[in-house]
Structures are given as structure tokens and as C-alpha cells.
Protein chains: 2
Amino acid sequence: MKRQTWQRAAVREALTAREGFVSAQDLHTALKAGGSPIGLATVYRALADLAVDGDADSLQSSDGENLYRACISQGHHHHLICRSCGRTVEIEADAIEQWAAQVAAANGFREPRHIVDVFGTCASC
Amino acid sequence: MKRQTWQRAAVREALTAREGFVSAQDLHTALKAGGSPIGLATVYRALADLAVDGDADSLQSSDGENLYRACISQGHHHHLICRSCGRTVEIEADAIEQWAAQVAAANGFREPRHIVDVFGTCASC
DNA sequence: GCGATTTTGACAATCGTTCTCAGATAGCCC
DNA sequence: GGGCTATCTGAGAACGATTGTCAAAATCGC
């Protein structure tokens with residue numbers, strides 16, 4: 001059974017409060033700065049749980065960190081990410097879903113899953 | 001100026017000899033096994049150089065490793081990767097390129113670059 | 001409140017990658 | 001071929017993100 005603890009709530013809250021993607025380390029630092037005596041390992045565990053439950057999105061940054069973000073639209077979607085300020089826009093892409101499924105099928109691949117993210121420099125940067 | 005050393009040649013060769021994506025560590029192990037007293041750091045450097053020169057493709061595996069692969073088609077392309085055996089198929093996707101550029105433009109993002117990879121289980125797995 | 005069970009947190013361990021620096025080497029000039 | 005100098009190499013240390021460990025603390029059902 002999954003228990004309710006203030007630590008998990010704090011992580012979820014801190015994640016929701018952020019606009020873009022955050023690393024686990026950043027989130028931990030922010031929580032500490034905000035007065036929560038929360039442990040780093042706990043933040044990692046909470047984030048992993050959130051990601052599993054579908055409440056958070058995760059992706060790997062170019063330098064190998066895992067970044068997390070509170071999911072706004074629950075379903076499957078992709079991101080347009082500013083490489084300068086980190087601002088993200090969630091994008092729907094039915095065309096891509098279909099394309100991926102079709103390409104996979106054409107090559108005999110089953111259970112296709114895809115990674116599709118677009119990076120760019122946003123208007124205000 | 002860039003020098004020609006047998007180490008770099010060995011790395012390039014070992015990479016070309018492999019079919020799918022390989023991690024730097026794997027490549028190093030393979031080279032050592034093949035008799036080359038090459039250093040791990042050198043393999044990393046050589047791979048990074050190859051990637052910069054566009055002679056190798058790189059992507060991050062789901063567990064945080066950097067994987068490399070000798071590029072067959074020189075231009076920009078994507079991959080269909082078997083999550084079981086690691087077999088890869090290079091796929092061209094003009095539609096995706098256009099879609100990415102369009103989505104970026106629609107949101108005011110400049111210099112769009114995108115990550116598009118499809119994972120699945122291939123026919124023989 | 002009680003007890004069983006899960007969660008936490010400090011710290012160590014791990015793992016891939018990068019850094020450091022002395023020594024080796026490639027490429028150039030003679 | 002010999003010499004010179006900038007670049008490259010390799011062993012190991014350093015690094016940074018993440019995960020494992022385990023005793024102590026907290027939660028939930030009763």
C-alpha cells in the first residue's frame with residue numbers, strides 16, 4: 001500500500017510550482033531552501049514514483065541528468081523546449097503517433113514507443 | 001591540427017564493425033579483447049570526436065549511457081531501435097522534419113532541432 | 001494506543017564520464 | 001635521419017548523478 005507523507009506532497013507541490021523541467025537535484029535544493037529538511041534520496045524516490053504514476057513527465061537532458069516536470073495534459077504528448085530558458089510547450093502530434101506506428105510496422109517492429117522532443121530558442125530569449 | 005593515430009583508427013574501425021549502437025565501455029572492452037592496449041579515456045575522446053565530425057551518431061540509452069554508432073547515411077536521420085537486441089534501422093522522415101520546423105515556428109521558437117527515435121521489438125525478437 | 005509495515009534520511013557505494021599530468025608520438029622543418 | 005614542439009595518450013583520480021543500505025521514524029488499520 002502507498003502511504004501519504006508530507007515529503008511526497010512537498011515534492012509534488014514543488015514540482016507543480018515550477019514551470020519547466022527540473023532536475024532532482026534542483027528540486028532538492030529548492031525544497032531545502034524552502035525549509036523542508038527533506039533528504040535527497042527521498043526526492044529521487046518521490047519523483048520516480050510520480051513518473052511511474054503518470055503524474056510527472058521525465059526526460060534526459062543533454063548532459064545526462066534526469067529532468068522532471070508535472071504533467072498538465074495527462075495523455076501522451078511531446079515537448080517543445082527552449083534550450084536557453086528551459087520554457088516548455090506541450091505539443092500534441094497525432095501525425096507523429098501515426099507515423100511512428102506506421103514506420104515500426106513497416107519494419108516488423110512491435111510495441112512501438114517513441115521519443116520526440118523539439119528543442120529551439122524561444123521568442124523571448 | 002588533428003593528428004592521425006592508430007588509436008583513433010582502431011576506434012573508428014571497431015565502431016564500423018558493429019551493427020547497432022555500442023556504449024563507449026563496450027567498445028573499450030572489445031578493443032582490449034582484440035589486443036589493443038588502448039585506454040578508456042582515449043575511446044571516449046575518439047568517440048566524441050567522431051560524433052562532432054558527423055562520422056558517428058550518438059544517443060542516450062534509457063539508463064543514462066551514451067551510445068554510439070557509425071553513421072551510414074551521412075545526412076540527418078532517425079532510428080528505429082529494437083529494445084531487445086539493439087538492432088537499428090535508419091529511417092528518413094521528411095514529414096517529421098517539416099512538422100518539427102512548423103511546430104517550432106508556430107510557437108516562436110528559432111533554430112529548431114529535434115530528437116526523434118522509435119523503439120520497439122523487432123521481428124526476430 | 002498498538003503493532004506491522006512502509007518510508008525516511010544520512011551516508012556509502014556505484015557507475016559512467018571527464019580531468020590531470022607526465023610521458024609518448026605525429027607531423028614539420030632542416 | 002635528427003630535432004623540435006604541439007598534440008595525444010593512458011592510468012588513475014576526480015566528479016556528479018543516482019541508487020543501495022539500514023536503523024530510526026512515521027503511517028495506517030485495528
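Note on naming: letters A, B, ... go to the chains in the order of the sequence lines (proteins, then strands), and numbering restarts at 1 for each one.
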Exercise for the section: Could you encode protein contacts along nucleotides 18-30 of chain C as a string, one character per nucleotide from 5' to 3', using B for base contact, S for sugar-phosphate-only contact and - for no contact, with a heavy-atom cut-off of under 4.0 Å? Expected result: BBB----BBS---

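Under a 4.0 Å N-O distance rule, the pair Asp53(A)/Lys2(A) qualifies as a salt bridge.
Distance, Asp26(B) CG to dT17(C) C1': 15 Å, rounded to whole Å. In this structure, Phe21(B) atom CZ and dG16(C) atom C1' are separated by 18 Å, rounded to whole Å. Per the geometry, NE2 belonging to His28(B) stands 13 Å off P belonging to dG16(C), to the nearest Å. Put simply, CG on Leu47(A) is 12 Å from P on dT8(C), counting in whole angstrom units.
Each of Thr5(A), Ile38(A), Thr16(A), Asp49(A) was scored for a side chain to side chain contact (heavy atoms under 4.5 Å, CB included) with Val11(A), with one residue passing: Ile38(A).
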Pull out every protein N or O sitting under 3.5 Å from an N or O of nucleotides 13-15 of chain C, one pair per line with the distance.
none

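Follow the hydrophobic side-chain contacts under 4.5 Å out from Val22(A) and you reach Leu47(A) in the same cluster. Cluster annotation: Leu67(B) and Leu15(B) are assigned to distinct hydrophobic clusters (Ile/Leu/Val/Met/Phe/Trp/Tyr, side-chain heavy-atom contacts under 4.5 Å, transitive). Under the 4.5 Å side-chain contact rule for hydrophobic residues, Trp99(A) and Val103(B) share a cluster.
Here the closest non-hydrogen pair linking His28(A) and Gly39(A) is NE2-C, 3.7 Å.
Listed by chain and residue number, nothing satisfies the side-chain hydrogen bond (donor to acceptor under 3.5 Å, both in side chains) test with Gln102(B) (two or more places apart in sequence, or in another chain).
Mapping Lys32(A) and Arg8(A) onto DNA chain C by nearest heavy atom places Arg8(A) closer to the 5' end of the strand.
The side-chain hydrogen bond (donor to acceptor under 3.5 Å, both in side chains) pairs that include a residue from residues 30-48 of chain B are Gln25(B)-Tyr44(B), where partners are two or more places apart or lie in different chains.
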Practice task
Go through Leu27(A) and Tyr68(A) one step at a time and tell me if the side-chain contact (heavy atoms from CB on, under 4.5 Å) criterion holds.
Solution key: CA-CA 9 Å; Leu27(A) 213 55; Tyr68(A) 296 88; 5.9 Å; no

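Remark: DNA chain C forms stems of 3 or more consecutive Watson-Crick or G-U wobble pairs, all pair distances under 3.5 Å, at C:1-30 with D:1-30.
Along DNA chain D, the stretch of nucleotides lying under 4.0 Å from any heavy atom of chain A spans, 5' to 3', dA17(D) to dC28(D).
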